Amino acid sequence: MDWSKIKTIFIIAFLILDVYLIYEYIKIKEYQRADDYTTEPTTNTLSRLGIKYDKEKLPVNNQKDQYLSAKSKKFTDDEIKKLEKGLLSGQEITVRDSIYLQAVLVDPISIKEEFNPEDLTEFLFNQVLNGAEYRFWKKSGNTITYYQQHAGKTLYRNPKGEITFNVNEENKIVSYNQTYLENIKEMDEEETIIQPLEVILKLFTKNVIESDSYVSYVELGYYTQLDTSAQLLAPTWKVTVNEEDFYVNALDGEVIQLETDTEEMKLE
């Protein structure tokens, strides 16, 4: 046996282990450091952690909010016939499972290569059922997605309050699919919500984001907490960090794990 080579391998292995342990120690101290500053202003703590944000883009005057309940609109044959003769004229309408409206445009709408939501505003407001209640979300490939709003707040990633426009190879919108939530009601009393800077700090202390991160945008909306015969919608912060979105329940601090929809991590 070549003991010198074995000895060298062991030395290298222990050096790698030492480096790893030092790295973990530094991370632990960072988290402890965040906890140590709970008595000082959150702005100071975030500064010490190197977490940057644009103060002017942080929402203000959001002190209280509450859960909402809502139900999917069910489209009837009579209603569709009336809509085809009025608001939805020039569209061939079908309905699936009573809640999914599918429309094919007789005259497709041309859009620019670089899509601008303003180019679709007139059609959305004047030829789509309750179109003014939807907000542009994103364009991905041949699909343009809008989500419904309530009281100016977006119902995040909600398939029951969504419009998806379908674009063909000629860059024309040829059809769209729509769902709509109605009977949206406030539940119980308003509660004090977690404020944006506190949410950012909690994301760090729970190892969701790293130190030296950049928070580019924070917005309050609603996310589905429960979806059965009706939906329960929770006030939710959308926090954009290094171009990645995170969603946090604004009342109880749960981080919504999008990759595994059933998993949630409680911020304590």
Side-chain angles (χ1 to χ4, degrees), residues 57 59 68 70-184 216-224 227 231 233 236 238 240 243-245 247 256 258 261:
K57 292 183 179 180
L68 305 176
K71 292 185 178 181
S72 292
K73 177 176 177 57
K74 294 186 177 181
F75 300 95
T76 65
D77 291 338
D78 289 342
E79 183 179 24
I80 293 303
K81 289 178 181 178
K82 291 179 181 179
L83 289 171
E84 286 181 316
K85 294 178 181 179
L87 179 68
L88 305 186
S89 59
Q91 305 176 39
E92 298 174 359
I93 308 299
T94 57
V95 175
R96 181 171 58 86
D97 297 335
S98 76
I99 66 172
Y100 298 97
L101 185 151
Q102 300 172 323
V104 177
L105 306 186
V106 175
D107 297 315
I109 303 172
S110 296
I111 60 173
K112 299 175 183 177
E113 191 70 32
E114 293 294 330
F115 176 69
N116 185 342
E118 293 182 1
D119 297 337
L120 202 52
T121 299
E122 183 177 352
F123 176 81
L124 189 71
F125 280 32
N126 298 322
Q127 292 183 263
V128 175
L129 182 65
N130 301 317
E133 297 181 33
Y134 292 81
R135 174 188 177 187
F136 172 71
W137 185 254
K138 69 175 181 179
K139 183 179 186 299
S140 179
N142 294 327
T143 301
I144 302 170
T145 303
Y146 283 72
Y147 285 117
Q148 193 175 334
Q149 290 187 310
H150 174 73
K153 300 172 186 174
T154 302
L155 311 185
Y156 298 129
R157 306 171 68 95
N158 196 320
K160 300 291 181 63
E162 176 185 56
I163 296 177
T164 54
F165 291 95
N166 304 305
V167 184
N168 66 11
E169 295 178 355
E170 298 176 353
N171 223 39
K172 293 182 178 181
I173 295 174
V174 293
S175 63
Y176 66 87
N177 305 319
Q178 180 182 11
T179 53
Y180 181 73
L181 287 170
E182 61 181 4
N183 296 326
I184 300 178
S216 59
Y217 193 70
V218 181
E219 178 187 73
L220 187 64
Y222 296 96
Y223 204 100
T224 303
D227 187 4
Q231 281 200 11
L233 302 163
T236 300
K238 180 169 79 74
T240 304
E243 300 185 355
E244 183 178 359
D245 293 334
Y247 299 86
I256 300 167
L258 301 181
D261 294 333

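Worth saying up front: this structure is predicted, and the values here are computed from it rather than measured. We use all heavy atoms of the structure for the numbers below, so side chains are in, but hydrogens, waters and symmetry mates are not.
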Side chains of residues 101-120: which donor-acceptor pairs under 3.5 Å do they make with residues two or more places apart or in other chains?
| residue | atom | partner | partner atom | Å |
| --- | --- | --- | --- | --- |
| Gln102 | OE1 | Thr94 | OG1 | 3.4 |
| Asn116 | OD1 | Glu118 | N | 3.0 |

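Other residues, nucleotides and ligands place no more than 12 heavy atoms under 6.0 Å from the CG atom of Asp77.
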- Task: Kindly determine whether Lys238 and Val218 satisfy side chain to side chain contact (heavy atoms under 4.5 Å, CB included), including the steps that lead there.
- Result: CA-CA 6 Å; Lys238 180 169 79 74; Val218 181; over 6 Å; no
- Message: Quick one, Val174 with Val167, criterion side chain to side chain contact (heavy atoms under 4.5 Å, CB included). Give me CA distance, side-chain angles, the key distance, then yes/no.
- Response: CA-CA 6 Å; Val174 293; Val167 184; over 6 Å; no
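Scanning for side-chain hydrogen bond (donor to acceptor under 3.5 Å, both in side chains) contacts around Asn166 gives Ser175, with sequence neighbours left out. Considering only residues two or more places apart in sequence or on other chains, Arg157 meets the salt bridge (charged side-chain N to carboxylate O under 4.0 Å, His left out) condition with none of them. In terms of the side-chain contact (heavy atoms from CB on, under 4.5 Å) criterion, residue partners of Ser98 (sequence neighbours excluded) are, by chain and number, Lys74. Among residues two or more places apart in sequence or in another chain, the side-chain contact (heavy atoms from CB on, under 4.5 Å) test is passed with Glu170 by Asn168, Lys172. With sequence neighbours excluded, the residues forming a side-chain hydrogen bond (donor to acceptor under 3.5 Å, both in side chains) with Asp227 are Lys160, listed by chain and number. The side-chain contact (heavy atoms from CB on, under 4.5 Å) search around Phe125 returns Thr121, Ala132, not counting sequence neighbours. Remark: Thr143 pairs with no residue by the side-chain hydrogen bond (donor to acceptor under 3.5 Å, both in side chains) rule, at least two apart or across chains. Taking Phe165 as the reference, Tyr146, Tyr176 meet the ring-ring contact (aromatic ring centres under 6.0 Å, His included) condition, with sequence neighbours excluded. Scanning for salt bridge (charged side-chain N to carboxylate O under 4.0 Å, His left out) contacts around Glu79 gives Lys73, with sequence neighbours left out. By the salt bridge (charged side-chain N to carboxylate O under 4.0 Å, His left out) test, Glu219 is found to be paired with Arg135, residues two or more places apart in sequence or in another chain being considered. Here Gln178 pairs with Tyr134 under the side-chain hydrogen bond (donor to acceptor under 3.5 Å, both in side chains) rule; sequence neighbours left out.
The line from NZ of Lys57 to OG1 of Thr240 is 10.0 Å long, rounded to the nearest 0.5 Å. In this structure, the separation between OG1 on Thr224 and OH on Tyr156 is 12.5 Å, given to the nearest 0.5 Å. Between atom CD1 of residue Ile184 and atom CG of residue Leu233 there is a gap of 7.0 Å, rounded to the nearest 0.5 Å. Distance check, rounded to the nearest 0.5 Å: CD of Glu182 to OG of Ser72 gives 8.5 Å. Remark: Tyr223 OH to Leu155 CG distance equals 12.0 Å, nearest 0.5 Å. Atom-to-atom distance recorded for Glu244:CD and Leu258:CG is 8.5 Å, nearest 0.5 angstrom.
The side-chain heavy atoms of Ile163 and Thr145, taken from C-beta on, include no pair separated by under 4.5 Å. Between Leu88 and Ile80, every side-chain heavy-atom pair lies at or beyond the 4.5 Å cut-off. Put simply, the side chain of Leu83 reaches to within 4.5 Å of the side chain of Leu129, judged on heavy atoms. Counting heavy atoms from C-beta on, the side chains of Lys71 and Gln231 never come closer than 4.5 Å. Thr154 has its side chain out of reach of Tyr222: every pair of non-hydrogen atoms, C-beta onward, lies at least 4.5 Å apart.
Donor-acceptor pairing under 3.5 Å is lacking for the side chains of Thr179 and Glu162. In this structure, a donor-acceptor pair under 3.5 Å is absent between the side chains of Asn130 and Gln148.
The aromatic rings of Tyr147 and Trp137 lie perpendicular to each other, with more than 60° between the two planes, well past the 30° mark.
Listed for the Glu84 side chain is a donor-acceptor partner under 3.5 Å among the backbone atoms of Ile93. Panel note: side chain Lys139, backbone Gly141; a donor-acceptor pair is recorded below 3.5 Å.
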